[in-house]
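For ligands, and for the atoms within them, numbers begin at 1 and follow the listed sequence. Values reported hereafter were calculated over all heavy atoms of this structure, with side chains retained and with hydrogens, waters and symmetry mates removed.
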Amino acid sequence: MSPDEFRRHGHAVVEWIARYYERLETFPVLSPAQPGEIRSGLPAHPPEQGEGFDAVLADLDAKILPGVTHWQHPSFFAYFPANASGPAILGDLLASGLGVQGMLWATSPAATELETLTLDWLAELLDLPARFRSDGPGGGVIQHTASDATLVALLAALHRASGGTTEHRGVRTGQYTVYTSHQTHSSVEKACRIAGLGAEALRKIETDEATLAARPDHLARLIEADRAYGATPALVVASVGTTGTGAVDPVAEFARISHDAGAWLHVDAAWAGVASVAPEFRWLNDGLELADSYATNPHKWLLTNFDCDAFYVADRAPLLGALSILPEYLRNAATESGAVIDYRDWHVPLGRRFRALKLWAVLRYYGAEGLRAHVRTHVALAQEFAALVEADERFEIVAPHPLALVTFRLREGDEATLALMHRVNASGRAYLTHTTVNGRAALRLAIGAPSTELRHVEQIWELLSS
Ligand code: PLP
């Protein structure tokens, strides 16, 4: 594709995206496609001769869109949001246009240095403890996802707990243990499996029935029991905003217990963490100054297209110890000088996209003020929704909702609650998902799409309550 052709098709693509946002509300939120339907509408074999890009765009409308669930739809209330925004899309396009691979500082110095700077900016915006900034022994890196962040935190924790032997000798069954709330995201169990510890190494901490936060007394008892039979507690994962209900674990108490046991404390604030851009939500950072690592996802609720997880460590040495390998073909003077960061040593893959561009674009375009307004709008809308639920005696709220997630159910019971969700989702007019709270089904309404307004919240309530 010549630069001239690229210019023509590029304009058409940008126009297509702009028009998509203009007509977003006309689409059913949840794709009604049946399994196999999209594939069967497309040619089974690749073309022998190349086709014009116009043909690709035409198929996008006719063949692909019917199978798209519209995550940016203002009535998308499922899971957690996966924000997209103009500046992030354009930043991503620029990263694709540059096509650099920033595995080493030397392979594109700007990719590394902009990432370091942008993560320091984000740390400042969120008022994270100084230990996570890059001017000390710690620092930040963009991981693909919060799941990757948990995995690398575990690898760093194992490196530290083993004195650096796990990389060479691996681990024995039952040697290391990991702890997290049973309300936590499944990525912690997945990390245990990937790291070779096995799911049995994971201990689930009981939660308080009212706050749904994990209980420090139970964490302490689990650790004590494991140490009594000779296991080494390697990692504790505290959640700031659990996936099910948005519960916040007591990070400071977890830190004290973890450090007494020599375990690494990772704080997973995948969804909720970015809310601390607004000073009134900085309580989300309580205890962080004691954590070994921290992760939050601008790709969830901070206007930055997937994927972009901001991962911070207080001390980068164990992370580099766990993940550095320097084959001959990557040797270069800059690396050997010790004066640069090589982010390939901070995550699982070797290669890396220039993802800092989209985050940098977002932080510059919205500024601290715009980011605060974004988060505050959703929290205020969630409180409006919660008030509507509370005022209807057929419903009950089942978890605290200080941010933009409201968890509720029909008093009638699980069957009625889930049937209600299926009816709303099948209508195509809104989309929400469910969880289990204290053994009973509950619905989750997560507000976070940039285009959601009060009228969309009123509409979902109208759907639910009628
Ligand atoms: N941790 C928490 C608390 C989450 O809520 C989620 C996703 O919702 C994740 C981790 C996983 O996120 P990711 O898709 O970035 O791996």
With sequence neighbours excluded, what pairs up with Asp309 under the salt bridge (Lys or Arg N to Asp or Glu O under 4.0 Å) test?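 Asp309: no salt bridge (Lys or Arg N to Asp or Glu O under 4.0 Å) contacts found.
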Decide whether His218 and Tyr179 meet the rule of one side-chain donor and one side-chain acceptor closer than 3.5 Å.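 Per modelled atom types, His218 and Tyr179 side chains form no pair under 3.5 Å.
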Can you list, pair by pair, the side-chain donor-acceptor contacts under 3.5 Å of residues 398-409, counting residues two or more places apart and other chains?
{"unit_1": "His401", "atom_1": "ND1", "unit_2": "Gln383", "atom_2": "OE1", "d": "2.9"}
{"unit_1": "Arg409", "atom_1": "NE", "unit_2": "Glu396", "atom_2": "OE2", "d": "3.1"}

For Val348, does its backbone N or O pair with a side-chain atom of Asp148 as donor and acceptor, under 3.5 Å?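 No: the side chain of Asp148 does not pair with the backbone of Val348.
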So, is the end of the Arg364 side chain (NZ or CZ) under 6.0 Å from the ring centre of Trp360 and within 45° of the ring's axis?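 So Arg364 does make the cation-pi contact.
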At a 4.0 angstrom heavy-atom cut-off, what protein residues surround ligand 1?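 Close residues (ligand 1, cut-off 4.0 Å): Phe80, Thr145, Ala146, Ser147, His185, Ser187, Gly241, Thr243, Asp268, Ala270, Asn297, His299, Lys300.
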Which residues pass the side chain to side chain contact (heavy atoms under 4.5 Å, CB included) test with Ala130, sequence neighbours left out?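 Partners of Ala130 by the side chain to side chain contact (heavy atoms under 4.5 Å, CB included) criterion come out as none, since no residue qualifies.
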